[in-house]
Amino acid sequence: MENKILVTRSSMPPYEEYIEAIRPLWESRWLTNMGKYHQELEEKLKEYLDVPQLSLMVNGHLALEMAIQAFRFPEGAEVITTPFTFISSTHAIVRNHLKPVFCDVKPEDGTIDESKIEELITEHTVAIVPVHVYGNVCNVEAIQEIADKYDLKVIYDAAHAFGVKYKGKGIGNYGDASVFSFHATKVYNTIEGGAVAFSERRIYDRLYNLKNFGIRGEELVTEVGANAKMNEFAAIMGLCNLKRVEEVLKARQKKYDLYINKLEKVDGIRFFQRKKEAGNNYAYFPILVEGDYILDRNELYDKLKESGIFARKYFYPLTSDQACFKNQYRNVQLKTARKLSSQVLVLPLYEELNESEVIQICENIRR
Ligand SMILES: *Cc1c(COP(=O)(O)O)cnc(C)c1O
């Protein structure tokens with residue numbers, strides 16, 4: 001087997017830069033608890049993501065759990081969401097003692113099918129949790145219209161959409177809250193980390209309580225909170241990586257464009273469409289392996305693996321089909337989601353991937 005190509009590889013700053021940047025911590029001994037670097041990163045990310053308010057968290061999953069919790073929905077209420085996502089999206093709903101109602105997605109971009117949301121709304125529905133899957137922007141206008149009509153909250157899982165702009169605005173400006181992940185495998189990382197973007201100031205206070213035990217003073221605890229604070233080492237990694245993020249995106253774009261160029265004429269290989277007014281953060285390169293292709297998705301996955309190319313079946317199975325959720329919630333027709341899930345394959349894409357490796361991957365697919 002030739003050298004292995006994995007689906008992703010974390011972007012990191014130069015070693016010396018990070019080491020220099022963490023040196024002050026040996027003086028201050030302030031390693032966590034909303035320290036200096038936590039504050040600095042929160043401010044800088046607010047600016048970069050172009051959002052009015054931001055709360056940093058220890059990871060994207062807890063950011064999503066707490067974003068949902070901050071709205072204090074009644075136990076057992078229903079939340080309309082997509083099954084074509086990472087398991088975290090559904091876990092965050094269920095761990096809040098809410099019921100996911102899975103809605104089908106659209107074939108062109110894999111995001112929630114807004115035309116099917118309304119028929120799923122009942123008197124128990126309180127929120128919609130859509131996902132900007134692969135950074136593909138949901139139909140935020142139509143979703144907001146439905147939410148306004150039925151008085152629902154919209155909490156976006158924007159874990160894939162770091163830095164994506166839509167109609168000139170940061171993606172985190174849409175809905176009542178948007179959640180980002182800064183996990184090591186994402187386009188921008190703080191090793192582990194995440195954030196909630198929102199506009200209402202009272203959400204900031206609620207999230208602060210939820211991520212810091214509800215502690216409001218030396219002798220005062222006002223709320224039952226957890227611990228989801230980002231530490232200073234992570235915040236410093238975030239500050240270093242933020243300086244390089246444009247460079248990282250450019251490097252990814254090169255490979256992304258090369259993939260399109262080499263694969264667009266291959267019969268049976270289809271790409272997701274992106275909205276015209278939406279930016280791209282080149283976070284993933286998903287392809288759909290359709291009937292005209294000589295192999296099915298699983299066969300292509302296996303063939304690539306034999307050549308040392310480790311693509312991933314993101315997202316298969318649907319979260320609604322996972323053992324922990326199967327047959328437990330309302331049975332909704334998920335025809336498109338199921339089809340995409342059986343056809344999708346995410347190809348390797350990261351800053352340091354060589355163009356020759358992209359060509360090698362594409363040649364394997366064309367063969
Ligand atoms: C990565 C991811 C999360 C969770 O983020 P972590 O930072 O890994 O906890 C949530 N939703 C989606 C869609 C993700 O891809």
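Position 1 is the first residue of the sequence; numbering continues from there. Counting starts at 1 for both ligands and their atoms, in listed order. Scope of the values below: all heavy atoms of this structure, side chains included, with no hydrogens, waters or symmetry mates.
Close contacts between ligand 1 and His183 involve ligand atoms 7 (O), 8 (O) [criterion: under 4.0 Å to a heavy atom]. The Phe86 neighbourhood of ligand 1 comprises atoms 2 (C), 3 (C), 12 (C), 13 (C), 14 (C), 15 (O), with distances under 4.0 Å to a heavy atom of that residue. Taking every non-hydrogen atom of Gly60 and a distance limit under 4.0 Å, the qualifying atoms of ligand 1 come out as 5 (O), 6 (P), 7 (O), 9 (O). Applying the 4.0 Å criterion to heavy atoms of His61 picks out, from ligand 1, the atoms 4 (C), 5 (O), 6 (P), 9 (O).
Scanning the protein heavy atoms around atom 1 (C) of ligand 1, the nearest turns out to be Lys186 NZ, 1.7 Å. Taking atom 10 (C) of ligand 1 as the reference point, the nearest protein heavy-atom neighbour is Ser88 OG, 3.2 Å. Nearest protein heavy-atom contact of atom 15 (O) of ligand 1 is His160 NE2, 2.7 Å. In terms of protein heavy atoms, atom 11 (N) of ligand 1 is closest to Asp157 OD2, 2.7 Å. Atom 5 (O) of ligand 1 has its closest protein heavy atom at Ser181 OG, 3.2 Å.
Aromatic rings of Phe285 and Phe271 (six-membered ring for Trp) have centroids within the 6.0 Å cut-off, being under it. Between His160 and Phe315, the ring centre distance stays below 6.0 Å.
At least one heavy atom of Gly193 sits under 4.0 Å from some atom of ligand 1. At least one heavy atom of Thr85 sits under 4.0 Å from some atom of ligand 1.
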Name each donor-acceptor pair under 3.5 Å that joins a side chain in residues 347-355 to protein atoms two or more places apart or in another chain, with its distance.
unit_1: Glu351; atom_1: OE1; unit_2: Ser11; atom_2: OG; d: 2.8
unit_1: Glu351; atom_1: OE2; unit_2: Arg244; atom_2: NH2; d: 2.6
unit_1: Glu352; atom_1: OE1; unit_2: Arg9; atom_2: NE; d: 2.8

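With hydrogens and angles left out, the side-chain atoms of Asn227 and Lys229 include a donor and acceptor closer than 3.5 Å. When only modelled atom types and interatomic distance are considered, Lys313 and Asn298 share a side-chain donor-acceptor pair under 3.5 Å.
Between the side chain of Asn59 and the main chain of His183, no donor-acceptor pair closer than 3.5 Å is present.
At a threshold of 4.5 Å between non-hydrogen side-chain atoms, the residues Phe272 and Val344 count as touching.
Classification of Glu43 and Lys46 as a salt-bridged pair holds, one side-chain N sitting under 4.0 Å from a carboxylate O.
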